[in-house]
**Student:** 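One structure is given below, represented as structure tokens, and several questions about it will come after.
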Amino acid sequence: MARLTAQSHRRLRVGAVVGLGLALVVSVAVVAVTRGGGGGPGVTKPASFDLPSLTNSGRVRLADYRGRPVVVNFFASWCSSCEFELPGFAKVSGELKDKVTFVGVDALETGDPLYLPKRHHIEWWPLASDIGGANRSGLHDALGGGTGMPVTAFYDAGGKLLAVEKAALPESSLRDELKRLYGV
């Protein structure tokens, strides 16, 4: 009988250690989800997004750009199609600085979120970190991005979503879309 009691006590101790371990894992997961994978609180609704800035402690909000058309380009450091399209985006956005606001949103990131903006000299864009979703991709997901990159969303001056492109846009296609949607 003493042997059963000792075994029972061992099982209880092992069960307690396993239970504490599981509680710790669950706690860490809850904190990570609550923080959106480290992105902080915000809104990922396409019509009113509010995301943490990639470059400072500020926010990047769609509402802050009312009065001008807005192009939101999603990218990630691993995205070869993003690498392909960003030189054209950099050139066009530089030419249209006074007419169209370009915003960069890092989503589905696995590396350095500032790698592509630095490489293509677009750090002057408002840059945000996507939050929530399947993998820090809440706004990207809400716009139908799925697991693909890049995604580009076009908003009018009132903040209305006009179009979403779910593939890389060469410079000529970007110019055509800007002319069609904004007349520029």
Side-chain angles (χ1 to χ4, degrees), residues 22-66 68-86 88-90 93 100-120 122-156 158-169 173-174 177 181:
L22 285 172
L24 179 63
V25 168
V26 168
S27 297
V28 168
V30 166
V31 168
V33 168
T34 302
R35 292 185 179 171
V43 176
T44 58
K45 294 177 185 170
S48 59
F49 69 79
D50 174 357
L51 302 171
S53 172
L54 261 180
T55 56
N56 59 47
S57 62
R59 311 295 300 174
V60 177
R61 298 176 182 95
L62 179 60
D64 292 343
Y65 306 107
R66 295 280 154 93
R68 293 176 61 166
V70 177
V71 175
V72 180
N73 181 256
F74 291 82
F75 62 87
S77 63
W78 52 264
C79 174
S80 58
S81 295
C82 302
E83 183 81 45
F84 163 77
E85 79 171 3
L86 281 175
F89 272 71
S93 65
V100 178
T101 298
F102 282 74
V103 174
V105 178
D106 179 66
L108 300 167
E109 188 58 71
T110 60
D112 177 3
L114 290 174
Y115 172 72
L116 287 178
K118 286 179 182 177
R119 180 169 166 80
H120 297 288
I122 55 171
E123 295 168 285
W124 57 270
W125 290 7
L127 297 172
S129 179
D130 207 347
I131 56 172
N135 185 20
R136 287 185 43 221
S137 58
L139 181 56
H140 176 271
D141 296 348
L143 289 166
T147 59
M149 279 287 201
V151 171
T152 304
F154 297 87
Y155 291 86
D156 70 10
K160 179 182 175 191
L161 182 62
L162 300 176
V164 177
E165 180 63 44
K166 299 177 193 172
L169 286 172
S173 297
L174 174 61
E177 193 70 352
L181 295 172

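Computed from heavy atoms alone, side chains included, the values below leave out hydrogens, waters and symmetry copies.
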**Student:** When you look at Leu108 and Met149, which way does the side chain to side chain contact (heavy atoms under 4.5 Å, CB included) test go after all the steps?
**Tutor:** CA-CA 9 Å; Leu108 300 167; Met149 279 287 201; 4.1 Å; yes
**Student:** Quick one: does Val164's side chain get under 4.5 Å of Lys166's, heavy atoms only?
**Tutor:** yes
**Student:** Could you tell me whether the side chains of Ser77 and Glu109 share a donor-acceptor contact shorter than 3.5 Å?
**Tutor:** yes
**Student:** Donor-acceptor pairs under 3.5 angstrom involving side-chain atoms of residues 137-147: please list them, not counting sequence neighbours.
**Tutor:**
| unit_1 | atom_1 | unit_2 | atom_2 | d |
| --- | --- | --- | --- | --- |
| Ser137 | OG | Ala134 | N | 3.4 |
| Ser137 | OG | Asn135 | N | 3.2 |
| Ser137 | OG | Asp141 | OD1 | 3.1 |
| Ser137 | OG | Asp141 | OD2 | 3.0 |
| His140 | ND1 | Gly146 | O | 3.4 |
| His140 | NE2 | Gly148 | O | 2.8 |
| Asp141 | OD2 | Ala134 | N | 3.2 |

**Student:** Between Glu85 (side chain) and Leu169 (backbone), is there a donor-acceptor pair under 3.5 Å?
**Tutor:**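 Yes.
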**Student:** Would you say the side chain of Asp130 lies within less than 4.5 Å of the side chain of Thr44, judging by non-hydrogen atoms?
**Tutor:**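 They are in side-chain contact.
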**Student:** Between Leu181 and Phe154, is a side chain to side chain contact (heavy atoms under 4.5 Å, CB included) present by the stated rule, with each step listed?
**Tutor:** CA-CA 8 Å; Leu181 295 172; Phe154 297 87; 3.5 Å; yes
**Student:** How far does CD of Glu123 sit from CG of Leu54, to the nearest 0.5 angstrom?
**Tutor:**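 Output value for this atom pair is 10.5 Å.
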**Student:** Of all heavy-atom pairs between Asp106 and Pro113, which one has the smallest distance, and what is that distance?
**Tutor:**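 So the two residues come closest at OD2-CB, 3.2 Å.
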**Student:** Is any side-chain heavy atom of Ser129 closer than 4.5 Å to a side-chain heavy atom of Val105?
**Tutor:**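 No; the side chains remain at least 4.5 Å from each other.
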**Student:** Can you tell if the side chain of Pro117 reaches within under 4.5 Å of the side chain of Leu127, non-hydrogen atoms only?
**Tutor:** yes
**Student:** Do the side chains of Val71 and Tyr155 get nearer than 4.5 Å, heavy atoms only?
**Tutor:** no
**Student:** First locate atom OG of Ser93, then atom NE2 of His120, and finally report the distance between them rounded to the nearest 0.5 Å.
**Tutor:**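 Going from OG on Ser93 over to NE2 on His120, the span is 12.0 Å.
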**Student:** Okay, side chain of Arg61, backbone of Asp50: is any donor-acceptor separation there less than 3.5 Å?
**Tutor:** no
**Student:** Return the minimal non-hydrogen interatomic distance between Ala168 and Ser81, and the atom names on each side.
**Tutor:**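 Minimum heavy-atom contact is CB-O, 3.9 Å.
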**Student:** Counting C-beta onward and ignoring hydrogens, is there a side-chain heavy-atom pair between Glu165 and Glu177 closer than 4.5 Å?
**Tutor:**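 Result no, sub-4.5 Å side-chain heavy-atom pair not found.
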**Student:** Which heavy atom of Phe74 sits nearest a heavy atom of Ala107, and at what distance?
**Tutor:** CD2-CB, 4.1 Å
**Student:** Between Ser53 and Arg59, do the side chains contain an N or O donor and an N or O acceptor separated by less than 3.5 Å?
**Tutor:**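 On atom types as modelled, these side chains do not qualify, holding no pair under 3.5 Å.
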**Student:** Has the side chain of Trp125 got a donor or acceptor atom that lies under 3.5 Å from a matching backbone atom of Val72?
**Tutor:** no
**Student:** With heavy-atom distances below 4.5 Å as the criterion, would you say the side chains of Ile122 and Phe89 are in contact?
**Tutor:**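 The answer is no, as the side chains (C-beta and beyond) never meet within the 4.5 Å cut-off.
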**Student:** Can you name the nearest heavy-atom pair linking Leu161 to Pro46, along with the distance?
**Tutor:**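 Shortest heavy-atom contact: CD2-CB, 4.4 Å.
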**Student:** Quick one: side-chain contact (heavy atoms from CB on, under 4.5 Å) partners of Asp112, sequence neighbours excluded?
**Tutor:**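 Asp112 satisfies side-chain contact (heavy atoms from CB on, under 4.5 Å) with Leu114, Tyr115 once adjacent residues are dropped.
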**Student:** Tell me, do Pro126 and Tyr65 make a side-chain contact under 4.5 Å, heavy atoms counted?
**Tutor:**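 A side-chain contact under 4.5 Å exists here.
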**Student:** Starting at CZ of Arg66, measure out to OG1 of Thr101 and round the result to the nearest 0.5 Å.
**Tutor:** 12.0 Å
**Student:** Between CG of Leu62 and NZ of Lys160, what distance do you get to the nearest 0.5 Å?
**Tutor:** 13.5 Å
**Student:** CG of Leu86 to CG of Leu116: how many Å apart, nearest 0.5 Å?
**Tutor:** 6.0 Å
